[in-house]
Amino acid sequence: MNNLIVSPTALAFAVILVVIALAINLKEKIGLERDMIIGVIRAVIQLTVVGYVLTYIIKVNRIWLTGLMVAIIIFNAALNANKRANGIPHAFVISLLAIATATLITILLLVIAGAVRFTPSQIVPISGMIASNAMVAIGLAYRSMNTSFHDQRQGVLERLALGANLKQASAHIVQMAIRTGMAPTIDSAKTVGIVSLPGMMSGLIFAGVDPTKAIMYQIMVTFMLLAATSIGSVIACYLAYPRYYNSDMQLRDKSLNSAK
Amino acid sequence: MTEPIFDVQGLRYRNGKNQILQDITVQIEQGANLTIAGPSGSGKSTFLRILATLLTPTAGVVKFNGKKQSTYPKPVYRQQVSYCFQQPTLFGETVRDNLKFPFEIRNQTFDETKALAALDSVELKAEMLDQPIIELSGGEKQRVALVRNLLFKPQVLLLDEISAGLDVDTKGVVHRLIQSYRESGVTVLSVTHDESEIAAADDLMRIRDGKIEVPAHE
């Protein structure tokens, strides 16, 4: 592990990379410089704080503290997924339920299988990976559902008019949303090792772990993320689609109401 | 006297600041063939959509077969009171996808013979079953949509200007099909602007500014 040295001086030099990105941004008038600066400042503060917090949690090694950290991760992931919901009623609660279930089921299976131990140094980072992937998948699924319910409104109305129940009227939209949510994870599973050397595996190799062992971990992570994104997307989509309808099984959007 | 199929009392519908329907009261008999006419924006489509439960009235009561609309499970009601759109959207990739849907929502296996007979009833060939929907003309789309509504015979057919924009031949095919369903006891309510359809109406109701101008049966 001794070969893993990033000194404060080295980090300071890495700032040059940010300056290059900023310079390109300003020259090309992309207009992202404010977001980039905020992003960099937030990343430094958040990661520094979480570094100290993780050090403390790993040191004291209490179950409740580990659980609390996992809960905070899930809560923040749900808050973020909620921002992508664009007005779906109760999206925060739905996201919280979906991400919590995806994270807890996946972790439980990994602990039962003996793939990870219930120690803060393993549970917290793994929860973060699962929750963030589920969050991205759910966000994409929400966006897909919003677009489809808007663009395919007439088709949904006709299905309802033919006597379909809400599930039958929405099935094609829900399936598309789940596919959209899972697509990045599936694409990444297909190209892992060929295109990308994922962060966890690279980190372990950086830290001096035997690459074959690092790869075993990465395979586990790939399976874990496939499970988590599918559980998260399915739960979120199936809980969210009824929110597009009112209690009279009519679409909530106003365009039908404009009929004269 | 038999119970009316629809008993509409004091129906009102407001959309934001617009009062679209005001105090509509009408009884529609079983097996009626009622034509609903009126200027654009008069509220006739809204009236039809309320009967189809695609809109909920702001006030008033609609009874279907003597029971309040709200007492029926919506899918059951909508399968019996079938609403046809003016510009229908077809689903999926092919005509088959559209004709399978009414079977799927009733948890029934697709009956190809029945589907082909239904296509034949609107003078569409059997080969059309697997034709991509993007290749269909406007008239063919409207006929496929109508077949989709009629694969399982409803009690009521609500037609929202379905013959608008169709050529004379296609209008004839559509009218003959609807006539055959009417003769088999289906109640037909059709909204139209077409003067020839208004002139040929058995029973005419005119709506203007959200009110009934000429009541049914007069």
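Proteins get letters first, then strands, A, B, ... in listed order; numbering begins at 1 in each. Just the heavy atoms: all of them, side chains too, but no hydrogens, waters or symmetry mates, feed the values below.
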Measure from NZ or CZ of [X] to the centre of the six-membered ring of [Y] and say whether it is under 6.0 Å with the direction within 45° of the ring axis.
{"X": "B/K114", "Y": "B/F152", "result": "yes"}
{"X": "B/R148", "Y": "B/F101", "result": "no"}
{"X": "B/R96", "Y": "B/F110", "result": "no"}

Does a side-chain heavy-atom distance below 4.5 Å link A/M201 with A/I215?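 Yes, close enough: below the 4.5 Å cut-off.
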Using a 4.5 Å cut-off on heavy atoms from C-beta on, say whether the side chain of B/L51 contacts that of B/V156.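 Side-chain contact under 4.5 Å: no.
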Looking at A/R143, I'd like to know if its CZ atom is crowded, meaning that more than 12 non-hydrogen atoms belonging to other residues, nucleotides or ligands lie closer than 6.0 Å.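 Atom CZ in A/R143 is not crowded, with 12 or fewer foreign heavy atoms closer than 6.0 Å.
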For A/R84, is the CZ atom crowded, meaning more than 12 foreign heavy atoms sit under 6.0 Å from it?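 It does not: A/R84 CZ has 12 such atoms or fewer within range.
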Can you name the nearest heavy-atom pair linking B/Q22 to B/R12, along with the distance?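 Looks like CA-CG, 4.3 Å.
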Please list, in residue-number order, every residue in residues 70-80 of chain B that has a heavy atom less than 4.5 Å from any heavy atom of chain A; write 'none' if there are none.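 Interface residues of residues 70-80 of chain B: B/K74, B/P75, B/R78, B/Q79.
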I need the contact set between residues 129-147 of chain B and chain A: heavy-atom distance under 4.5 Å, sorted by residue number.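 Residues of residues 129-147 of chain B touching chain A at under 4.5 Å: none.
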Does B/E104 have any salt bridge (Lys or Arg N to Asp or Glu O under 4.0 Å) partners at least two apart in sequence or in another chain, and if so, which?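 If we apply the salt bridge (Lys or Arg N to Asp or Glu O under 4.0 Å) test to B/E104, skipping adjacent residues, there are no hits.
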Pair B/D160-B/Y83, side-chain donor/acceptor within less than 3.5 Å: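 There is such a pair between these side chains.
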Within the 3.5 Å criterion, strictly below it, is a donor on A/S95 or A/N82 matched to an acceptor on the partner's side chain?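 Side chains of A/S95 and A/N82: no pair found under 3.5 Å.
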Parallel, tilted or perpendicular: which describes the rings of A/F149 and A/Y244, with under 30° parallel and over 60° perpendicular?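 Taking A/Y244 first and then A/F149, their aromatic rings lie parallel (interplane angle under 30°).
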Which portion of B/T53 sits near chain A, non-hydrogen atoms under 4.5 angstrom: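 Only the backbone of B/T53 comes within 4.5 Å of chain A.
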What option among A/Q154, A/E158, A/M249 has the most heavy-atom pairs under 4.5 Å with chain B?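 Top count of heavy-atom pairs under 4.5 Å with chain B: A/E158.
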Going through the distances and angles, do A/V124 and A/I73 end up as a side chain to side chain contact (heavy atoms under 4.5 Å, CB included)? CA-CA 9 Å; A/V124 175; A/I73 288 170; 4.0 Å; yes
By number, which residues in residues 163-173 of chain A have some heavy atom less than 4.5 Å away from chain B?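 Checking residues 163-173 of chain A against chain B gives A/G163, A/A164, A/N165, A/Q168.
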Matching residue for B/E213 among B/R208, B/K44, B/R206 - test: salt bridge (Lys or Arg N to Asp or Glu O under 4.0 Å):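 With B/E213 as partner, B/R208, B/K44, B/R206 yield a single salt bridge (Lys or Arg N to Asp or Glu O under 4.0 Å), made by B/R208.
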